[in-house]
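Side-chain atoms are counted along with the backbone in the values below, which use heavy atoms only and exclude waters and symmetry mates. Each residue takes its place number in the sequence, starting with 1.
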Amino acid sequence: MDVTGPEFVLLSGTVAVGALLQVSIGFGLGMLAAPVFSLVDPALAPAVVLLLATGVTATVLAREHGRADLRGCAWALAGRVPGVSAGALLVVALPARYLALLIAGVVLTGVTVSAAGFVPRQRRSAVVLAGMVSGLMGTATSIGGPPMAMVWQRLDGPELRATMSAFFLAGSLMSLAALTVTGTVGAYALWGTAPLVPAAVAGVLLAGPLSRRLDVRRTRTAATALAVAGAVALVVRQFV
């Protein structure tokens with residue numbers, strides 16, 4: 001990983017906060033980390049973010065596996081399959097600049113739709129469609145949380161975290177497999193992931209004592225604000 005000392009500190013801090021959010025509210029690592037990683041080194045996104053997210057979601061699922069809606073998760077994963085294929089093709093086809101703009105666009109679109117108060121009905125067709133969109137977005141940009149968070153937002157806290165984690169663990173492995181086939185996940189991504197694992201572990205460990213004190217609504221608002229700031233900075237970077 002070819003980054004400076006300050007850049008490594010920024011990446012580590014982002015991963016730690018993102019992991020804390022992922023454990024506490026069920027998503028957040030990809031949405032927060034993808035814009036920052038693309039700013040520092042475009043070659044690190046989406047593969048490194050997906051590798052880190054796989055480990056973090058596995059931890060959440062191990063803690064709350066009994067609460068997951070496995071039937072809903074299965075339908076969402078069925079939709080994710082074609083989305084993953086499309087997302088992998090996008091990564092191969094898009095130049096780095098356009099992939100960065102896509103990452104920023106996904107963040108800003110997700111925030112806008114959420115702020116508008118859109119609440120889809122939790123029908124099977126909606127879950128499958130959300131899984132498809134999540135697969136495309138998650139594979140191409142490592143940000144697959146917003147569609148699933150919207151369609152499953154009626155679930156309570158523990159069930160939401162467990163269901164999202166089950167979906168993202170399986171979904172991230174699918175995305176990584178597709179990206180490996182296309183040659184996107186290579187030695188650079190693996191070497192880039194290793195130094196950031198301690199930051200992810202720190203975020204997971206901090207989530208234990210802190211999650212009980214966090215106000216979910218305020219935490220989501222803060223995470224959204226950070227993600228928007230990263231997305232805007234990423235857009236500006238492409239035109240400066």
Side-chain angles (χ1 to χ4, degrees), residues 10-11 14-15 17-18 21-22 25-53 76 79-80 82-120 126 129-153 164 167-168 171-172 174-176 178-179 182 184-185 189 220-240:
L10 174 62
L11 292 177
T14 301
V15 169
V17 174
L21 292 171
Q22 191 81 29
I25 62 178
F27 66 98
L29 178 55
M31 192 171 177
L32 188 64
V36 176
F37 275 55
S38 295
L39 275 170
V40 173
D41 184 353
L44 297 176
V48 173
V49 181
L50 282 169
L51 286 166
L52 292 168
R80 188 175 176 103
V84 165
S85 301
L89 291 175
L90 274 179
V91 172
V92 173
L94 288 179
R97 180 182 186 184
Y98 293 106
L99 189 58
L101 290 173
L102 177 61
I103 288 173
V106 167
V107 171
L108 296 175
T109 300
V111 170
T112 300
V113 173
S114 178
F118 177 62
V119 184
L129 179 60
M132 186 182 302
V133 176
S134 177
L136 190 155
M137 292 165 47
T139 306
T141 69
S142 72
I143 308 169
M148 307 317 304
M150 282 190 289
V151 80
W152 282 333
Q153 61 186 289
M164 294 274 281
F167 172 77
F168 285 125
S172 294
M174 291 165 59
S175 295
L176 286 168
L179 292 173
T182 60
T184 305
V185 180
R220 286 182 177 177
T221 300
T224 299
L226 289 172
V228 168
V232 170
L234 184 56
V235 171
V236 171
R237 174 75 173 271
Q238 306 312 308
F239 296 100
V240 173

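What you find for Leu39 and Gly230 is that their closest heavy atoms are CD1-O, 4.1 Å. Taking every heavy atom of both residues into account, Gly30 and Gln22 meet most closely at N-OE1, 4.5 Å. Here the closest non-hydrogen pair linking Met137 and Val106 is CE-CG1, 3.2 Å. Across all non-hydrogen atoms, the minimal contact from Val107 to Val228 is CG1-N, 4.3 Å. Among all heavy-atom pairs drawn from Leu176 and Ala47, the shortest one is CD2-O, 4.0 Å. Taking all atoms of both residues into account, the shortest heavy-atom contact from Pro35 to Leu234 is CA-CD2, 3.9 Å.
To the nearest 0.5 Å, atom CZ of residue Arg97 and atom OG of residue Ser38 are 14.0 Å apart. Annotation: the span from Met31 atom CE to Ser142 atom OG amounts to 11.5 Å, rounded to 0.5 Å. One finds the CG atom of Leu52 at 11.5 Å from the OG1 atom of Thr14 (value rounded to the nearest 0.5 Å).
At a threshold of 4.5 Å between non-hydrogen side-chain atoms, the residues Leu102 and Leu99 count as touching. Looking only at side-chain heavy atoms (C-beta outward), Tyr98 and Leu90 stay at 4.5 Å or farther from each other. Annotation: side chain of Leu44 is not in contact with side chain of Val49 (no heavy-atom distance under 4.5 Å). With a 4.5 Å cut-off on side-chain heavy atoms, Leu29 and Phe168 do not count as touching.
For Arg80 and Ser175, the side-chain atoms include at least one donor-acceptor pair closer than 3.5 Å.
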Stepwise side-chain contact (heavy atoms from CB on, under 4.5 Å) test for Phe167 and Ser134: CA-CA 10 Å; Phe167 172 77; Ser134 177; 3.5 Å; yes

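Distance alone, capped at 3.5 Å, places no donor-acceptor pair between the Thr141 side chain and the Ile103 backbone. Judged by distance alone, the side chain of Thr182 and the main-chain N or O of Leu179 form a donor-acceptor pair under 3.5 Å.
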